[in-house]
Every structure is written in C-alpha cells, then in structure tokens.
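All remarks here apply to the structure that follows.
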Amino acid sequence: MEIPGYVQAVLEALEAAGHEAWCVGGCVRDALLGREPGDWDVTTSARPEETLAVFPTQGEPTGLKHGTVTVKTPGGPVEVTTYRIDGTYRDHRRPDSVIFTASLEADLSRRDFTVNAMAANLRGAFRDPFGGREDLRQGILRCVGDPDRRFQEDALRILRGLRFSASLGFSLEPGTAAALRRNRKLLGEVAPERIQVEFFKLLPGKAAAQVLRTYPEVFGVFWPELLAMVGFDQRNRHHCYDVWEHTLHALAAAPEDPVLRCTMLLHDVGKPASFTLDKQGVGHFYGHPAVSRELAEGMLRRLRCGTDFRETVVRLVEWHDRDIPRTDKAIRRALRILGEEDLRRLIQVKRADNRGQAPEYWGRQEELDKAESILDRLLAEDACFSLKQLAVKGGDLLALGLAGPAVGETLEALLERVIDGALPNERGALLKYVQRIRTAKGGKKGT
Ligand code: ATP
Ligand code: MG
C-alpha cells in the first residue's frame with residue numbers, strides 16, 4: 001500500500017513524538033482496492049492536545065470533543081483522530097460520549113463495516129482484526145460485531161451500508177442485510193442532512209440501480225413516494241417494464257452524476273397518481289411530469305437539498321417528457337430558457353429515459369444525436385440566445401431616446417426576433433429595426 005508523502009510526514013511526526021499512528025478506514029480500503037482514496041484519515045494513540053503539540057502551527061482543533069485534529073499539509077488536510085470507543089447510544093444517532101483509549105483494536109471495533117476497520121502504518125504493518133481484507137477480496141460488506149446492535153446504535157449505518165454497496169458493487173453479507181432491513185425504520189430518526197449526504201453519494205454508484213431494486217423499502221422510510229412506483233403496471237404496450245423497473249433501467253443508463261441520477265429516479269414518480277385507463281383498457285399518464293415535479297420538489301426539500309440542486313432536478317423532471325428540439329430555432333429557444341448546461345443535461349435525461357424502454361425504441365437516440373449536433377454547431381457559431389450576447393445593449397437604446405421599462409422590453413423583443421431568426425444579431429440591423437418601430441408607433445400616436 002502506497003501512502004502519499006504528505007500523509008507519511010504526519011505519521012512520522014507523531015511517531016517521532018513517541019505516539020502510535022496509523023492510516024485507517026476508507027483510505028486503507030480504497031488503497032487496497034487500487035482506487036484513489038478521497039481523503040487520508042489517521043488514527044493515533046496521542047490525545048488531541050498531544051497531537052496539537054506535535055503540530056503547533058499546522059494543527060487545528062476541528063472536532064476536539066471527538067478527538068479530531070485537522071493537520072493542514074501542503075498535500076491537503078489530514079484528519080488525525082485519537083483512538084476512541086463510543087459510549088452508549090440512546091437516540092440511534094450519536095454516542096452520548098466518546099472515550100479515548102490506548103488500543104488500536106478497540107478503535108477499529110467501533111467502525112461500521114469490516115472493510116472500513118483496517119489500519120496500516122509507515123513500516124507496512126497491517127491491522128485487520130475483523131477480516132476486512134478477506135471481505136474486500138470477496139466483495140462483501142459485513143458489520144463489525146452484531147449487525148442489529150450496530151444499526152441500532154447509529155441508524156445512518158443502514159444507509160452507509162447501501163451506499164458502499166452501490167459505489168463498490170459489493171453485496172451485503174446475509175446477516176448484515178437482514179438486520180439492515182429489520183432496523184430500517186430507525187432511519188426515520190436520523191437527521192435529514194446526514195441522510196442526504198449518504199444518499200447522494202449512493203446514487204452515482206455503479207450499482208445504484210441494483211441497490212434500489214433490492215432494498216426499496218429502506219429508501220421508502222424517508223421517501224415513501226418511491227414505493228408507489230414499485231410493481232406499478234403501466235398497462236400500455238409501449239412499456240415493457242413497470243414504473244419502478246423502467247425508472248431503475250433509466251437510472252442505470254444515466255451518467256454517474258447526482259443531478260442526472262436523481263432526475264431519473266424522480267422523473268416518473270408522479271405516474272402512479274396520474275394513471276388513467278381508457279375504454280380499450282390502455283393505461284395513460286397524462287400530465288405526469290407536472291405531478292412528478294410537485295412530488296420531487298417536496299422530496300428534495302425534505303432531505304434539505306441545496307436550492308440549486310433542487311431547482312435543477314425539478315426543472316429536468318418537468319421537461320423530461322417534452323419533445324427534444326431539433327431545429328436551430330427550437331434549440332436557440334431552449335437555450336434561452338435552460339442555458340447550455342441544463343439543455344445538455346436534458347438531452348442526457350432523454351437518452352437515459354429512452355434506454356429505460358424496450359430496445360426496439362432505442363432508435364430514438366438518433367433524434368437526440370441530431371439535437372446535440374445542432375447544439376454543438378450553434379454554440380461553435382456563437383449563436384445568440386441571451387441578452388448578454390445580443391449585439392445591442394441598454395445604453396444603445398437610451399441613446400436612441402428610450403427610457404424606463406421600454407428599454408428592457410425592447411431588448412427582450414429584439415432577442416426574441418433574433419432567436420426566431422427574423423433579425424440578424426447585428427447592431428446596425430437591430431438599431432434600424434428599433435427606429436422603424438418607434439417611427440411607426442409615433443406616427444400612430446400622431447393620428
Ligand atoms: P469515503 O470514501 O466516502 O470517505 P469512508 O469510509 O472514508 O468513505 P467516512 O465517512 O470518511 O467514510 O468515515 C471514515 C471512517 O470512519 C470509515 O471508514 C469508518 O471506519 C468510520 N465511520 C464513519 N462513519 C461511521 C459510522 N456512522 N459508524 C461507524 N464508523 C464510521
Ligand atoms: Mg473518508
């Protein structure tokens with residue numbers, strides 16, 4: 001296992017001061033998997049104040065109560081936490097207290113899963129008291145200790161288990177899986193912000209669809225709206241899957257990105273509530289994007305998602321079923337409303353939605369290719385689709401004698417005409433048009 005230089009320096013400094021120091025948790029797991037660890041955590045026998053004494057200038061007491069000192073290094077911050085065990089848990093969320101200990105093994109035993117409970121030091125020593133390395137080799141997630149107890153101590157571990165399963169593609173050891181299901185209701189007592197963090201790390205995972213398919217009732221604890229989709233027969237020969245299966249196929253086909261994956265998860269959540277059956281016994285879902293949008297809005301608010309994230313997702317949900325624009329004019333209009341980033345996302349959403357249908361419909365991808373190539377060309381040509389790009393500015397109109405709200409209104413009208421192709425985006429032509437209109441209006445007033 002290769003420990004980066006800046007982390008080695010932290011371990012060396014702690015050892016030089018007579019303390020034990022080990023890399024621990026996610027970084028050891030990821031390094032053994034040959035993945036780039038997101039961050040390197042260090043666990044040490046040093047008490048927090050002793051750690052601060054080793055790093056008098058670089059150390060910051062970020063979580064002293066839990067024994068954590070963040071050491072700022074040129075390579076990035078390293079969290080150094082004192083060996084600790086957790087006190088009793090009364091609320092299924094946080095330990096009532098933490099107790100520092102002199103034993104690395106005790107510290108490893110408080111960790112959630114065996115693959116997260118391994119430590120490695122500078123000299124290549126390795127501690128793995130719960131068989132994490134073997135579980136890693138077999139692709140298994142297993143609680144450290146009794147799974148019921150561990151999920152009851154901290155119910156967030158339920159979602160963490162599914163998160164690691166989705167991102168690593170591991171399966172849950174049967175005892176861990178059964179306890180996870182049994183204790184799922186406890187997730188209801190976890191702060192929505194913590195659920196949000198784990199859930200949006202789960203969605204981009206390569207096995208996210210499979211995890212959602214296997215454990216819908218767990219996600220239903222915080223998003224019961226999802227459960228209405230499970231097994232919902234669309235009664236329509238254009239759909240080979242029920243609503244939930246279609247959703248999962250579409251989700252799996254979307255890029256590994258939280259916005260796109262979340263949009264796919266929610267795009268049809270309004271279908272069950274919009275279902276109607278016609279005289280021929282065929283199912284329809286008229287107006288479902290608006291219902292999905294409404295539900296998605298509430299679901300994302302409940303998890304305390306950021307405003308930008310929420311607004312982007314609900315907009316994509318609302319737009320997902322519209323025909324994709326395939327002419328210059330229509331693409332410019334869509335660009336004006338959505339902007340480049342969201343229009344590109346919408347194309348991805350429509351691609352994924354289509355991939356979630358039976359293969360005989362996949363030919364639709366060509367329409368999306370066409371939309372994308374028009375979009376690329378328009379952007380390469382610097383096509384005008386916003387006021388910022390319009391060849392005439394407010395100042396030009398003031399100089400012509402316009403004032404007040406007429407300035408903004410005229411700019412909007414000009415943009416509209418440029419987007420529709422009725423006027424070129426050229427200053428001279430646009431100003432001439434403004435003058436002509438004003439004369440015409442002035443003439444009318446005079447008569
Ligand atoms: P990531 O790749 O997302 O950083 P990670 O495993 O490093 O994954 P963190 O949330 O950074 O996860 O936590 C670091 C380590 O702390 C974990 O590997 C695990 O050993 C321990 N840990 C974190 N949260 C819990 C928890 N709720 N219960 C028990 N142990 C936990
Ligand atoms: Mg981590």
Side-chain angles (χ1 to χ4, degrees), residues 1 3-4 7 22-44 62-63 66-71 76-89 91-96 98-99 101 104-120 127-133 135-136 141-170 176 179-180 183 186-187 189-191 193-206 208 256 258:
M1 207 180 94
I3 302 173
V7 182
W22 301 76
C23 293
V24 70
C27 58
V28 178
R29 176 198 70 219
D30 289 344
L32 288 176
L33 283 171
R35 296 176 152 218
E36 183 74 35
D39 40 36
W40 288 81
D41 294 328
V42 167
T43 187
T44 180
T62 42
H66 297 100
T68 302
V69 170
T70 301
V71 179
V78 177
E79 286 208 342
V80 179
T81 304
T82 304
Y83 295 162
R84 60 167 227 233
I85 46 179
D86 296 331
T88 52
Y89 286 82
D91 60 359
H92 310 298
R93 286 181 289 202
R94 303 265 191 212
D96 303 323
V98 307
I99 301 151
T101 151
L104 171 65
E105 266 69 19
D107 179 89
L108 292 175
S109 73
R110 76 169 165 93
R111 295 174 182 272
D112 45 9
F113 301 99
T114 61
V115 295
N116 287 345
M118 300 180 277
R127 292 285 183 278
D128 175 22
F130 307 104
R133 195 172 209 168
D135 284 341
L136 204 61
L141 283 161
R142 182 196 310 270
C143 279
V144 171
D146 172 48
D148 279 302
R149 214 192 95 208
R150 302 313 309 279
F151 291 135
Q152 285 159 17
E153 285 173 351
D154 178 1
L156 187 69
R157 291 171 188 155
I158 293 167
L159 201 53
R160 283 176 61 83
L162 299 186
R163 190 257 280 191
F164 291 120
S165 174
S167 59
L168 302 173
F170 284 17
T176 295
L180 183 148
N183 292 287
L186 297 177
L187 257 185
E189 299 183 35
V190 174
E193 291 81 356
R194 292 178 80 207
I195 291 185
Q196 183 220 109
V197 170
E198 293 297 334
F199 185 63
F200 289 108
K201 283 185 179 177
L202 182 155
L203 279 185
K206 60 179 177 190
E256 297 181 350

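Just so it is clear, the values below take in all heavy atoms, side chains as well, and ignore hydrogens, waters and symmetry mates. Remember, it's 1-based here, ligands and their atoms both numbered in the order they're listed.
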- [ ] May I ask whether Phe113 places a heavy atom under 4.0 Å from ligand 1?
- [x] no

Task: Nearest heavy-atom neighbours spanning Cys23 and Val7 - done: SG-CG1, 3.9 Å

Task: Ion pair check, Arg133 and Asp128, cut-off under 4.0 Å - done: no

Task: Location of contacts on Arg163 toward ligand 1, heavy atoms closer than 4.0 Å - done: side chain

Open item on the list: Taking Asp107 first and then Arg127, would you say they form a salt bridge - that is, a charged N and a carboxylate O separated by under 4.0 Å?
Closed with: no

Open item on the list: Is any side-chain heavy atom of Gln152 closer than 4.5 Å to one of Leu186?
Closed with: yes

Task: N, O or S of Asp41 under 2.8 Å from the Mg ion (ligand 2) - done: no

- [ ] Classify the contact between Asp154 and ligand 1 as side chain, backbone, both or neither, using a heavy-atom distance cut-off of under 4.0 Å.
- [x] side chain

Open item on the list: If you take the nearest heavy atom of each of Asp112, Thr114, Val190, Ile158, which one is closest to atom 31 (C) of ligand 1?
Closed with: Asp112

TODO: Check whether any side-chain heavy atom of Arg29 lies under 4.5 Å from a side-chain heavy atom of Phe164, and answer yes or no.
DONE: yes

Open item on the list: Under a 3.5 Å cutoff, is there a donor and acceptor pairing between the side chains of Thr81 and Thr68?
Closed with: yes

Task: N or O pair under 3.5 Å between Phe164 and ligand 1 - done: no

Task: N, O or S atom within Asp39 nearest to the Mg ion (ligand 2), by name - done: OD1

Open item on the list: Between ligand 1 and Arg110, can you find any atom pair, the residue atom being a heavy atom, that is separated by under 4.0 Å?
Closed with: yes

Task: For Gly25, the ligand 1 atoms whose distance to one of its heavy atoms is below 4.0 Å - done: 18 (O)

Open item on the list: Please report whether ligand 1 has a polar contact with Asn116, defined as an N or O pair separated by less than 3.5 Å (distance criterion only).
Closed with: yes

TODO: Have a look at Asp41, Val24, Val144 and point out the one with the heavy atom closest to atom 14 (C) of ligand 1.
DONE: Asp41

Open item on the list: Is it true that, when you exclude Glu36 itself, more than 12 heavy atoms of the residues, nucleotides or ligands shown sit nearer than 6.0 Å to its CD?
Closed with: no

Open item on the list: Is the shortest side-chain heavy-atom distance between Val190 and Glu198 below 4.5 Å?
Closed with: no

Task: Protein residue, atom and distance nearest to atom 4 (O) of ligand 1, heavy-atom basis - done: Asp39 OD1, 3.8 Å

Open item on the list: For atom 15 (C) of ligand 1, what is the closest protein heavy atom, and at what distance to 0.1 Å?
Closed with: Arg111 NH1, 3.7 Å

Task: Interfacing atoms of ligand 1 (cut-off 4.0 Å, heavy-atom, Arg157) - done: 26 (C), 27 (N), 28 (N), 29 (C)

Task: Contact (N/O only, under 3.5 Å) between Arg29 and ligand 1 - done: yes

- [ ] Write down the atom of Arg194, the atom of Leu156, and the distance for their closest heavy-atom approach.
- [x] NH2-CD2, 3.5 Å

- [ ] Heavy atoms only: give me the nearest Phe130-Ala117 pair and the separation to one decimal.
- [x] CD1-CB, 4.1 Å

Open item on the list: Please list, in number order, the atoms of ligand 1 under 4.0 Å from a heavy atom of Lys201.
Closed with: 3 (O)

Open item on the list: Looking only at protein heavy atoms, which one is nearest to atom 17 (C) of ligand 1, and what is the separation?
Closed with: Arg160 NH2, 3.6 Å

Open item on the list: Against ligand 1, does Arg150 come closer than 4.0 Å with any heavy atom?
Closed with: no

Open item on the list: Heavy-atom count check: over 12 atoms from other residues, nucleotides or ligands less than 6.0 Å from Arg35 CZ?
Closed with: yes

Task: Contact check, Leu156 vs ligand 1, heavy-atom distance below 4.0 Å - done: no

TODO: Taking all non-hydrogen atoms of both residues into account, name the closest pair between Asn183 and Asp148 and its distance.
DONE: ND2-OD1, 2.8 Å

TODO: Give the atoms of ligand 1, by number and element, whose distance to some non-hydrogen atom of Gly26 is under 4.0 Å.
DONE: 5 (P), 6 (O), 7 (O), 18 (O)

